[in-house]
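Because only heavy atoms are used, hydrogens play no part in the values below, and waters and symmetry mates are left out as well, while side chains stay in.
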2 protein chains.
Amino acid sequence: MPGPIQSLSRAAAILRLLAGGERRLGLSEVATALDLAKGTAHGILRTLQQEGFVEQDAESGKYQLGAELLRLGQSYLDVHELRARALVWADDLARASGETVYLGVLHQRGVLIVHHVFRPDDTRQVLEVGSMQPLHSTALGKVLLAYDPVARGELGEEPLEAYTLRTLTDPADVDAECALIRERGWSDSVEETWEGVASIGALIQDRRRNPVGAVCISGAVETVCEDGFVKPSLVASVRSAARAISRDLGAGRF
Amino acid sequence: MPGPIQSLSRAAAILRLLAGGERRLGLSEVATALDLAKGTAHGILRTLQQEGFVEQDAESGKYQLGAELLRLGQSYLDVHELRARALVWADDLARASGETVYLGVLHQRGVLIVHHVFRPDDTRQVLEVGSMQPLHSTALGKVLLAYDPVARGELGEEPLEAYTLRTLTDPADVDAECALIRERGWSDSVEETWEGVASIGALIQDRRRNPVGAVCISGAVETVCEDGFVKPSLVASVRSAARAISRDLGAGRF
DNA sequence: CTCTTGCGGTCGACATTGTCGACCGTCTGT
DNA sequence: ACAGACGGTCGACAATGTCGACCGCAAGAG
């Protein structure tokens with residue numbers, strides 16, 4: 001039976017739809033958006049609601065995502081082997097560099113943040129675990145693009161979105177950059193996604209050298225860069241953290 | 001068609017099963033655990049995998065939860081109205097009290113943490129958003145039990161699990177405690193779940209007085225209590241935060 | 001080295017199951 | 001009071017998911 005289960009695919013589409021739109025959606029909105037009969041959409045929504053994946057606002061009757069998703073998302077993190085092994089190294093990296101540390105994995109057309117260590121100062125920061133970053137304009141994304149053919153495949157050949165003046169928007173330019181990244185073994189991104197923010201990334205691989213994720217540090221251009229380039233000492237810290245995590249991951253299997 | 005969609009319920013059961021067990025599960029394990037034919041279980045797993053809800057370990061063939069769940073869980077938080085409105089108040093409460101602040105909602109048989117503000121000192125703390133706390137032994141849980149009939153229903157009449165010597169295990173005792181909580185308008189829990197930890201909770205309600213969640217502060221017995229009782233000044237802070245959030249929530253609708 | 005055992009995965013027949021579109025009651029805004 | 005749109009229900013139909021036997025493979029036992 002090598003075909004997806006229809007009702008499940010539809011349910012997933014509904015969940016993604018609800019996740020996409022900021023506001024709650026009504027039954028009819030859902031049905032028309034996905035081109036389903038109202039009855040069908042209702043059946044799926046009712047089941048999802050029973051299971052806790054979707055909640056219905058009591059008075060408006062509109063639907064939104066449910067709490068069970070949060071719980072399952074947390075469970076995902078609990079089981080995640082890469083994350084578990086990287087926790088302590090990420091902490092050390094943040095302390096050594098004085099910058100924010102992100103740990104990400106390839107997911108669909110972006111990088112999903114699975115761990116986030118706050119910059120060790122007292123400024124207010126919001127946790128970004130569970131959010132996505134673009135592939136072509138971040139240190140995490142570019143290092144994955146450079147080493148993971150699947151990531152490169154997701155990118156396509158169309159012109160890419162520009163977030164700042166320095167964003168690479170031509171896939172050919174990105175490929176050239178990736179060649180450089182492979183050559184020197186690390187990636188950087190200076191104001192390619194957010195003005196004033198620079199980051200340095202390195203690849204994490206399992207014991208068979210398959211790319212499984214990436215670490216990066218991210219901070220203000222003023223602290224991460226020097227004379228227009230990222231500081232070599234920070235590069236060294238990131239690469240050594242990535243190596244440590246990779247080693248840890250390889251050892252873990254046996 | 002007032003019946004749940006079979007394949008969806010089964011998919012949800014599989015996800016919960018994967019979330020429950022710490023380790024990855026094989027196809028046959030899943031099938032036997034849920035009493036499904038292997039082919040059926042495979043079909044569901046294949047679809048879930050395609051949608052990103054489940055991932056398969058390349059070499060062992062075993063299944064675990066997928067990254068899409070983390071993303072959707074995050075989206076749930078983004079849309080969550082209670083959480084959005086409570087963010088700033090929770091921050092204030094943490095600063096004023098010097099203790100950890102939790103924000104929780106009723107979910108199944110427990111309290112799901114939807115927001116967590118770290119104690120404002122520099123000790124290492126792990127984020128508990130997405131995790132669950134028991135109903136009968138925490139400040140968050142007991143205040144929900146006291147005001148939300150649904151929560152009380154979930155509790156049942158069976159003896160409850162004891163986490164410490166001070167845990168209330170007899171539902172009748174819990175009911176008596178709830179009466180007290182309703183009378184004075186706040187809940188506390190001193191070493192009922194974790195040794196050395198005390199917390200104070202208060203109810204959050206929408207504009208029609210429906211209970212929608214709870215806030216609490218939680219900290220070491222030594223700092224939260226005085227002469228064997230929780231400090232009245234902290235109680236006042238928590239209650240005033242809960243009122244503020246409730247008011248905010250009510251005002252938001254129009 | 002071969003045989004056995006268990007694994008993940010596939011296949012095709014069957015009938016259960018989800019789907020569809022018309023229909024109902026209600027609420028809202030006109 | 002009306003019209004429209006909403007969420008939700010119903011029952012007929014057939015498309016759909018389910019089942020259990022089967023396949024190839026890898027690991028472990030003999």
Side-chain angles (χ1 to χ4, degrees), chain A residues 1-18 21 23-66 79 206-208 210 253-254, chain B residues 1-18 21 23-66 79 206-208 210 253-254:
Chain A
M1 192 208 316
I5 290 182
Q6 190 188 44
S7 56
L8 264 181
S9 300
R10 287 174 167 180
I14 288 182
L15 289 178
R16 269 194 287 272
L17 181 68
L18 289 175
R23 67 184 207 297
R24 288 185 262 256
L25 260 45
L27 170 61
S28 307
E29 291 178 281
V30 171
T32 60
L34 298 175
D35 208 31
L36 296 174
K38 257 195 311 185
T40 305
H42 179 60
I44 295 173
L45 279 168
R46 176 159 32 77
T47 308
L48 286 175
Q49 182 183 8
Q50 248 166 250
E51 303 291 346
F53 290 83
V54 148
E55 289 168 5
Q56 186 173 24
D57 188 49
E59 46 194 308
S60 70
K62 293 186 185 298
Y63 295 91
Q64 63 174 21
L65 294 183
V79 180
D206 64 17
R207 75 168 192 292
R208 288 183 317 185
N210 291 121
R253 295 293 186 147
F254 289 82
Chain B
M1 193 210 317
I5 291 181
Q6 190 187 44
S7 56
L8 262 181
S9 300
R10 287 172 167 181
I14 289 182
L15 289 178
R16 269 193 289 272
L17 180 68
L18 289 175
R23 67 183 207 297
R24 289 185 262 258
L25 261 45
L27 170 62
S28 307
E29 292 178 281
V30 172
T32 60
L34 298 176
D35 208 33
L36 296 175
K38 255 196 312 183
T40 305
H42 179 61
I44 295 174
L45 279 168
R46 177 159 30 78
T47 308
L48 286 174
Q49 182 182 9
Q50 254 169 245
E51 302 292 346
F53 290 84
V54 148
E55 289 168 6
Q56 186 173 24
D57 187 49
E59 47 193 307
S60 71
K62 293 185 184 300
Y63 294 92
Q64 63 174 29
L65 294 183
V79 180
D206 64 15
R207 75 168 191 291
R208 288 183 317 187
N210 292 121
R253 295 295 187 145
F254 290 83

- line: B:Arg46 atom CZ is separated from C:dC11 atom C1', nearest whole Å, by 12 Å

message: Whether B:Gln6 contacts D:dT16 is assessed here as follows: a side-chain N or O lying under 4.0 Å from the phosphate OP1 or OP2. Is that the case?
response: no

- request: Find the distance between OG1 (B:Thr47) and CD1 (B:Ile14) and round it off to the nearest 0.5 Å.
  value: 9.5 Å

- prompt: Of the nucleotides C:dG8, D:dT18, C:dC20, which one has an atom closest to the side chain of B:Ser28?
  reply: C:dG8

Pull out every protein N or O sitting under 3.5 Å from an N or O of nucleotides 23-30 of chain C, one pair per line with the distance.
none

- prompt: Please walk me through it: do B:Leu15 and A:Phe53 pass side-chain contact (heavy atoms from CB on, under 4.5 Å)?
  reply: CA-CA 11 Å; B:Leu15 289 178; A:Phe53 290 83; 4.0 Å; yes

- prompt: Distance-only, no hydrogens or angles: does the B:Gln56 side chain make a donor-acceptor pair with backbone N or O of B:Gly61 under 3.5 Å?
  reply: yes

- prompt: Atom CG of B:Asp57 to atom C1' of C:dG9: distance rounded to whole Å?
  reply: 16 Å

message: Using OP1 and OP2 only, check whether a side-chain N or O of A:Tyr63 sits under 4.0 Å from D:dC6.
response: no

statement: Hits for side chain to side chain donor-acceptor pair (under 3.5 Å) against A:Glu29, two or more places apart or cross-chain, chain-then-number order -> A:Arg23

- prompt: Can you tell me how far P of D:dC6 sits from CZ of A:Arg24, to the nearest Å?
  reply: 17 Å

task: Could you work out which one of D:dG8, C:dG8, C:dG21 sits closest to the side chain of B:Gln56?
output: C:dG8

message: Closest-nucleotide mapping onto DNA chain D: is A:Gly61 or B:Ala41 further toward the 5' terminus? I mean the 5' end.
response: A:Gly61

query: Can you tell me how far P of D:dA15 sits from CG of A:Leu36, to the nearest Å?
result: 17 Å

message: Between B:Val79 and A:Leu65, does the side-chain contact (heavy atoms from CB on, under 4.5 Å) criterion hold? Intermediate values first, please.
response: CA-CA 8 Å; B:Val79 180; A:Leu65 294 183; 5.6 Å; no

task: Starting at atom CD of A:Glu55, determine the distance to atom P of D:dG7, rounded to an integer number of angstrom.
output: 17 Å

query: To the nearest 0.5 Å, what is the distance between CZ (A:Arg46) and CD (A:Gln50)?
result: 7.0 Å

message: With nearest nucleotide decided by heavy atoms, which residue, A:Leu8 or A:His42, maps closer to the 5′ end of DNA chain D?
response: A:His42

message: Please check if the number of heavy atoms outside A:Asp35 that lie under 6.0 Å from its CG is greater than 12.
response: no

- prompt: Does A:Thr40 place a side-chain N or O at less than 4.0 Å from the phosphate oxygens OP1/OP2 of C:dC20?
  reply: yes

task: Report the distance from atom CD1 of B:Ile5 to atom C1' of C:dT16, rounded to the nearest whole Å.
output: 14 Å

field: Evaluation steps, side-chain contact (heavy atoms from CB on, under 4.5 Å), between B:Glu51 and A:Leu8
entry: CA-CA 9 Å; B:Glu51 302 292 346; A:Leu8 264 181; over 6 Å; no

- prompt: Which part of the nucleic acid does A:Glu29 contact within heavy-atom distance under 4.0 Å: base, sugar-phosphate only, or nothing?
  reply: nothing

B:Ile44, nearest nucleotide to its side chain (from C:dT19, C:dG9, D:dT18): D:dT18

task: Report yes if at least one side-chain N or O of A:Arg10 is closer than 4.0 Å to OP1 or OP2 of C:dG18; otherwise report no.
output: no

- request: Take the protein atom CG of A:Leu27 and the nucleotide atom C1' of D:dT9, then report the distance between them rounded to whole Å.
  value: 12 Å

Atom-pair distance (CG on A:Leu25; C1' on D:dG7), nearest Å: 14 Å

